[in-house]
Amino acid sequence: MKAALVAAFFCDFLIQISYFYQMQSSIQISKIITETLQDFWGYNSFRDSQEDIINAIISGKDTIALLPTGGGKSLCYQLPALVLEGTCLVISPLLALMKDQVQQLKSKGIEAEYLSSELDEAQEEEIYGRCIEGLTKLLYVSPERLQNKNFLERIDEISISFIAVDEAHCISEWGQDFRPSYQNIKNFRNQFKSVPCLALTATATPKVIDDIKLKLGFNQYLIFKKSFKRDNISIFIDEVSDKYQYVFDLLKNTNSSGIIYVRTRKDAEDLSYFLKTKKLQNVDFFHAGLSTKEKHQKQEKWLKSNQNVLISTNAFGMGIDKSNVRWVIHYSMPSNVESFYQEIGRAGRDGVKSDTLLFYTYQDVMVRKDMITTSELPEEMKEVQNAKLDRMKQYAEAEICRRRILLSYFNEEVTKD
């Protein structure tokens, strides 16, 4: 009896000691995370969900992070990359976005690199070498590179801390930016089964979330979601016959920075030319047909200005970090609610009141439907695109609170407007 009591005592004692050391370890990790935030980013506290997401990755769990545009997604993988041993592999859809992220990290004194076809063999080997030595904390690659034979051989020599999939909605056929190359990620993960994965996106419906889980091979995982409600953004919709004059009348009375989204490259160039003939010189256009040098110059000019107006197709915006955009105009209706939400979300990222305006006509719907019909997409994908377009049309024509409709699209219940 006495021996049993002694054994029970020691068992309880060992449990308490284990719990004590776990608590001490947790406190120590929390301290390191906070100090890293202060030392490299200059912040004293995290935004909603950021710290929980970071802790999930540090503890080795697959994680989905749903944070609206401007919600601080990048920090959720950049900070744990510094805390953990090895190199964080970041999968990103755009070279311009990779370059921008690496430049910002280096300006903070953080070792980061990207791989692209612009680099020669010697430059790539130098990057691989620094990763193997554990010097580079974040390595950015495109999803296409995951099928590159040399990359697959060299990555085996690198200690990967975790994998971050940026713009994770691109993996889903129900996402607004579906990229077939994102299908490569699940097979690639099989090489690193013990390495956790963080999927980040600003727009994800329940169907997209299910696709992310399935196509990234998530079984046990954590999911964090911040409200998609942006109270500082006002949403207006109007039917306008003379859009050119309407835009000019708006811009001649504003001295703030904004974006006008148009459907085609020609629309971007023509509207820009018209406004310049009206003596509005702080206006420029942007689209995928520009050279890399032109894109960079136009983007940099807009980012550094408090007054510049950029007229663009949807080629502009993903990952762009400009806090003081005061307004966004949709010259024609987007093809889906996700694109609309993500694009208006580029206004007011600093929390200051901002305005968005959507020009809507039934003609926009017919043009979009014709584009889908004449596209080379499989019939199954055409059905998906038409269904999403119908939801966007319903939103634009709604007479009840549109903010409520917008949030319900992302499966968020709204009790108060």
Side-chain angles (χ1 to χ4, degrees), residues 66 68-69 167 169-170 172-179 201-211 227-230 233-241 243 246-247 259-264 267-268 287 311-318 327-347 354-375 377-414 417:
L66 306 174
T69 301
E167 310 294 349
H169 59 270
C170 293
S172 172
E173 293 179 8
W174 283 92
Q176 81 272 21
D177 294 305
F178 173 59
R179 308 289 174 93
T201 179
T203 56
T205 63
K207 284 187 177 181
V208 172
I209 295 170
D210 287 342
D211 260 3
S227 173
F228 283 76
K229 190 174 183 181
R230 296 282 298 277
I233 296 180
S234 299
I235 304 172
F236 301 96
I237 298 178
D238 204 351
E239 291 191 41
V240 178
S241 55
K243 295 181 182 179
Y246 198 110
V247 170
I259 308 172
I260 302 175
Y261 281 107
V262 295
R263 187 172 55 82
T264 68
D267 288 339
H287 56 64
I311 304 169
S312 177
T313 61
N314 60 7
F316 181 80
M318 188 183 284
W327 52 268
V328 170
I329 295 174
H330 279 94
Y331 187 81
S332 57
M333 189 186 75
S335 59
N336 56 70
V337 175
E338 294 102 317
S339 294
F340 177 70
Y341 175 82
Q342 194 167 55
E343 287 162 4
I344 65 172
R346 291 178 182 124
S354 304
D355 296 317
T356 66
L357 172 63
L358 166 64
F359 291 153
Y360 170 73
T361 65
Y362 186 69
Q363 180 63 25
D364 290 336
V365 179
M366 298 311 296
V367 169
R368 292 283 186 187
K369 280 191 174 293
D370 186 59
M371 288 172 63
I372 295 170
T373 301
T374 57
S375 72
L377 291 171
E379 287 304 315
E380 190 176 298
M381 277 296 293
K382 288 182 179 181
E383 288 180 18
V384 171
Q385 297 297 325
N386 272 312
K388 294 171 81 167
L389 179 61
D390 287 342
R391 288 296 299 273
M392 186 66 216
K393 173 179 175 289
Q394 290 166 13
Y395 171 80
E397 294 178 345
E399 295 182 358
I400 61 174
C401 176
R402 290 190 178 95
R403 192 182 300 275
R404 186 183 296 273
I405 297 172
L406 195 61
L407 294 176
S408 68
Y409 185 83
F410 296 105
N411 208 34
E412 184 170 334
E413 188 175 343
V414 184
D417 293 328

To the nearest 0.5 Å, what is the distance between [atom1] ([X]) and [atom2] ([Y])?
X: S339; Y: M333; atom1: OG; atom2: CE; answer: 11.0 Å
X: L357; Y: S234; atom1: CG; atom2: OG; answer: 11.5 Å
X: D364; Y: Y331; atom1: CG; atom2: OH; answer: 9.5 Å
X: E343; Y: S312; atom1: CD; atom2: OG; answer: 8.5 Å
X: T205; Y: D210; atom1: OG1; atom2: CG; answer: 8.5 Å
X: H330; Y: Y360; atom1: NE2; atom2: OH; answer: 15.0 Å

Restricting to side-chain hydrogen bond (donor to acceptor under 3.5 Å, both in side chains), what partner residues turn up for T313, sequence neighbours left out? none

Start with the C-alpha gap between N336 and R391, add the side-chain angles, then the distance that decides, and say whether side-chain contact (heavy atoms from CB on, under 4.5 Å) holds. CA-CA 7 Å; N336 56 70; R391 288 296 299 273; over 6 Å; no

Determine the minimum heavy-atom distance between [X] and [Y], stating which atoms define it.
X: A202; Y: Q342; result: CB-NE2, 3.9 Å
X: V365; Y: K393; result: CG1-CD, 3.9 Å
X: A347; Y: V328; result: CB-CG2, 3.9 Å
X: L358; Y: A396; result: CD2-CB, 4.2 Å
X: P334; Y: M392; result: O-CG, 3.4 Å

Is there a donor-acceptor pair closer than 3.5 Å between any side-chain N or O of K369 and the backbone N or O of L389? no

Under 3.5 Å, side chain of N386 to main-chain N/O of K382, donor-acceptor pair present? yes

Those residues at least two apart in sequence (or on a different chain) that pass ring-ring contact (aromatic ring centres under 6.0 Å, His included) with F359 are Y246

Are H169 and E338 close enough that a side-chain donor and a side-chain acceptor fall under 3.5 Å? no

Side chain to side chain contact (heavy atoms under 4.5 Å, CB included) involving [X] - partner list, sequence neighbours excluded:
X: M381; result: E173, F178, L377, P378, Q385
X: Q363; result: T361, V367
X: I233; result: R230, I235, T356
X: T373; result: none

Any heavy-atom pair between the side chains of F236 and I329 that's under 4.5 Å? no

Is the closest side-chain heavy-atom distance between I209 and L66 below 4.5 Å? yes

Applying side-chain contact (heavy atoms from CB on, under 4.5 Å) to M371 and R263, what does each step give before you reach the verdict? CA-CA 11 Å; M371 288 172 63; R263 187 172 55 82; 3.7 Å; yes

